[in-house]
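Let me begin by presenting the structure, written as structure tokens, before commenting on it.
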There are 2 protein chains.
Amino acid sequence: MPDSLDLPGLTALIARSRPHYRTATEFVEAAMREAILAGTLPAGSPLRQEELAAAFGVSRMPVREALRQLEARALVEFHPHRGAVVAEISAEDSADIGAIRAALEPAALRLSLPRLTPEDFALAAELIAEMDAESDPGRMGELNRRFHMTLYARAGRPRLLALVEQHLAAADRYLRFQFAALGYHPRSQDEHHALLAACRAGDADAACEAVTRHVLQAGDLLAAFLRDRA
Amino acid sequence: MPDSLDLPGLTALIARSRPHYRTATEFVEAAMREAILAGTLPAGSPLRQEELAAAFGVSRMPVREALRQLEARALVEFHPHRGAVVAEISAEDSADIGAIRAALEPAALRLSLPRLTPEDFALAAELIAEMDAESDPGRMGELNRRFHMTLYARAGRPRLLALVEQHLAAADRYLRFQFAALGYHPRSQDEHHALLAACRAGDADAACEAVTRHVLQAGDLLAAFLRDRA
DNA sequence: TGCGTGGATATTGGATCCAATCTAACGATC
DNA sequence: GATCGTTAGATTGGATCCAATATCCACGCA
């Protein structure tokens with residue numbers, strides 16, 4: 001894990017998205033969350049308040065508030081008088097996240113499935129195809145997330161979906177490492193195809209079973225990877 | 001909803017628990033979360049930073065950081081330049097929370113059930129009995145939460161349990177109103193007894209079904225109450 | 001040479017200060 | 001009498017300042 005953070009990676013986001021936010025705190029929080037989830041700020045990175053403030057062009061205060069929000073989301077950890085770091089995920093945590101996803105995602109899918117449209121299916125298929133062509137691990141995570149969320153989107157339960165996305169993203173933060181360690185994962189793509197097919201057929205039970213298996217599979221891969229690394 | 005907040009209710013907590021925390025921010029966040037979940041700070045209460053700071057005996061800064069953390073947990077809402085208020089729950093939200101609980105709690109129970117001990121069952125039974133005797137709606141919520149969490153506690157999944165507790169608490173914030181509006185709810189207690197019996201019998205399927213029904217039932221009650229109030 | 005102590009430095013946690021903006025009251029005008 | 005504009009007050013958002021604590025390196029001593 002790098003000692004200093006990828007500020008160039010941030011500055012792009014910054015200039016682009018700053019005007020959309022009304023308060024600096026909001027803006028910093030959103031940008032940092034994106035950066036953490038996308039892997040721009042890898043797990044373990046120390047987060048120097050002064051440094052971040054300079055990068056964002058604000059004072060330390062909005063940074064501190066943003067860090068506190070991210071702490072509440074379990075994305076960063078505070079060590080009193082020693083600063084904040086991007087939260088590491090342990091093998092234990094990954095099992096936890098797997099269990100949460102295995103509970104939430106089938107529920108979201110079951111609510112969403114009856115309302116999915118042909119356009120949704122087409123989009124999902126396209127995202128699978130894009131994943132086939134994608135080689136950048138950072139982009140893979142985003143495509144994977146969008147594929148899953150496309151299938152759940154019609155659930156009409158914003159809080160549930162936010163929770164699903166949050167845990168999907170938490171798992172995906174490590175996808176890039178799996179990607180690097182294991183190479184391309186055709187098995188995962190097979191599961192995506194199977195899942196989409198079940199959805200198209202309108203078979204809720206089969207679809208839920210497919211997504212459950214897929215999630216548990218991903219959790220096992222992640223846990224195995226984390227054990228290896230340790 | 002009251003215009004000013006119940007500071008006396010807070011000051012008790014404050015003197016008692018302050019020494020346990022290393023930083024003021026941690027302390028303020030924990031105390032305010034407790035106060036919100038217990039209903040001491042009812043939904044809709046405006047949260048004046050200056051006022052809270054004085055009540056906690058700190059400056060506005062730890063209060064601001066604590067409020068940001070609570071915002072990330074969806075317990076308070078910020079309106080730029082207009083301050084924070086304790087988050088209201090809508091009928092829509094309550095359906096959302098019901099769906100989340102219905103997904104998470106059976107999963108937690110299924111993991112926990114095989115490891116529950118006779119002591120756990122005894123504690124759960126005692127909590128049900130205490131609920132029978134309890135007349136204070138504020139305490140009811142806490143007993144209800146502890147009853148549920150006792151059954152899930154052996155799941156060995158800290159993040160999952162934290163998520164369950166968070167949503168259980170979110171639903172319980174309104175229990176006091178249901179309590180007042182509907183009087184005592186024997187039906188809920190019947191469900192508690194049925195749930196505990198299924199757990200004691202080690203019947204995971206029956207227990208999960210019981211908890212699912214109980215959760216959905218609570219969600220319906222809450223949604224109905226919220227609609228009535230509007 | 002290795003270990004423990006002590007001070008310099010860096011960085012955070014918390015307090016205070018200033019500017020931006022929202023609210024509300026008051027008065028003028030139709 | 002009602003409505004709109006203006007202005008004073010209150011409150012937040014953000015910047016700066018100070019104190020507390022942890023880290024790190026040098027130095028002394030066994």
Side-chain angles (χ1 to χ4, degrees), chain A residues 1-5 7 10 14-15 17-33 36 41 44-72 75-87, chain B residues 1-5 7 10 14-15 17-33 36 41 44-72 75-87:
Chain A
M1 59 206 78
D3 249 33
S4 135
L5 24 106
L7 296 178
L10 284 179
I14 293 170
S17 57
R18 172 67 226 251
H20 302 313
Y21 294 93
R22 284 168 307 183
T23 70
T25 300
E26 248 179 65
F27 157 62
V28 173
E29 195 268 343
M32 288 191 60
R33 189 175 49 201
I36 291 173
L41 292 172
S45 305
L47 298 168
R48 288 284 122 65
Q49 296 178 0
E50 197 83 47
E51 191 173 4
L52 289 167
F56 285 105
V58 298
S59 81
R60 268 177 54 211
M61 166 128 354
V63 172
R64 282 166 64 173
E65 288 185 354
L67 287 174
R68 288 294 184 183
Q69 288 181 294
L70 297 170
E71 184 196 19
L75 288 176
V76 315
E77 289 172 9
F78 268 78
H79 301 279
H81 291 279
R82 287 176 32 185
V85 300
V86 178
Chain B
M1 61 208 76
D3 251 32
S4 133
L5 23 106
L7 296 179
L10 283 180
I14 292 169
S17 56
R18 171 69 225 251
H20 301 313
Y21 294 94
R22 282 168 308 182
T23 70
T25 300
E26 249 179 65
F27 157 62
V28 172
E29 196 268 343
M32 288 190 61
R33 188 176 51 199
I36 291 173
L41 293 173
S45 304
L47 298 167
R48 289 285 120 65
Q49 296 178 2
E50 198 83 48
E51 192 173 3
L52 290 167
F56 285 106
V58 298
S59 81
R60 268 177 55 214
M61 165 125 358
V63 172
R64 282 166 64 172
E65 288 185 352
L67 288 174
R68 288 296 184 182
Q69 288 181 295
L70 297 170
E71 184 196 21
L75 289 176
V76 316
E77 289 173 9
F78 268 78
H79 301 278
H81 291 279
R82 287 175 34 185
V85 299
V86 178

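Please read all numbers here as calculations on a predicted model, not as lab measurements. Each chain gets a letter, A, B and so on, in the order the sequences are listed, and its residues count up from 1.
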Discussion item. Can you tell me whether the side chain of A:R64 and the base of D:dG14 have a donor-acceptor pair closer than 3.5 Å?
Written reply: no

Item to complete: Hey, could you give me each pair passing salt bridge (Lys or Arg N to Asp or Glu O under 4.0 Å) that has a residue in residues 52-62 of chain B? Not counting sequence neighbours.
Response: none

Worksheet item: Between C:dG13 atom P and B:E26 atom CD, what is the distance in whole Å?
Response: 10 Å

Discussion item. Measure CD/A:E51 against C1'/C:dT12 and give the value in whole Å, please.
Written reply: 15 Å

Worksheet item: Can you check the A:M61 CE to D:dT12 C1' distance for me, whole Å?
Response: 12 Å

Discussion item. Tell me the interatomic distance from A:E65, atom CD, to C:dG14, atom P, rounded to whole angstroms.
Written reply: 13 Å

Worksheet entry | Value rounded to 0.5 Å, distance of OG1 in A:T25 from CZ in A:F56 | 11.5 Å

Worksheet entry | Residue-phosphate contact under 4.0 Å: B:T25 side-chain N/O, C:dG14 OP1/OP2 | yes

Practice prompt. Would you check if there is a donor-acceptor pair between the side chains of A:E71 and B:Q69 at a distance under 3.5 Å?
Written response: yes

With 3.5 Å as the limit, what N/O pairs link the protein to nucleotides 23-25 of chain C?
residue, atom, partner, partner atom, Å
C:dT23, OP1, B:R82, NE, 3.0

Fill in: End axis versus end axis in the helix from C:dT1-D:dA30 to C:dC30-D:dG1, the angle rounded to 10°, five pairs used at each terminus
10°

Practice prompt. Taking only the side-chain heavy atoms of A:R48 (C-beta and beyond), determine which of C:dT12, D:dT12, C:dG14 contains the nearest atom.
Written response: C:dT12

Worksheet entry | A:R22 NZ/CZ over A:F27 ring centroid, <6.0 Å and within 45° of normal | no

Discussion item. Return whichever of A:H81 or B:R60 has its heavy-atom-nearest nucleotide of DNA chain D closer to the 5' end.
Written reply: B:R60

Worksheet item: Rounded to the nearest Å, what distance is computed from the CG atom of residue B:L67 to the P atom of nucleotide D:dT11?
Response: 15 Å

Item to complete: Report the distance from atom CG of B:L41 to atom CG of B:L52, rounding to the nearest 0.5 Å.
Response: 7.5 Å

Worksheet item: Taking atom CE of A:M61 and atom CD of B:E65, what is their separation to the nearest 0.5 Å?
Response: 7.5 Å

Worksheet item: Considering only heavy atoms from C-beta outward, does the side chain of A:E77 approach that of A:H79 to under 4.5 Å?
Response: yes

Practice prompt. Please state how far atom CZ in A:F78 lies from atom P in C:dT11, giving the value in whole angstrom units.
Written response: 16 Å

Discussion item. Heavy atoms only, 4.0 Å cut-off, all strands: where does B:Q49 land among base, sugar-phosphate and nothing?
Written reply: sugar-phosphate

Fill in: Integer-rounded Å distance: D:dT21 C1' and A:H79 NE2
16 Å

Worksheet item: Rounded to whole angstroms, how far apart are OH on B:Y21 and C1' on C:dG14?
Response: 19 Å

Discussion item. Does any part of the side chain of A:P80, heavy atoms only, come nearer than 4.5 Å to the side chain of A:R82, both counted from C-beta?
Written reply: no

Worksheet item: Per the side-chain contact (heavy atoms from CB on, under 4.5 Å) rule, which among B:I36, B:V76, B:V86 passes with B:S45?
Response: B:V86

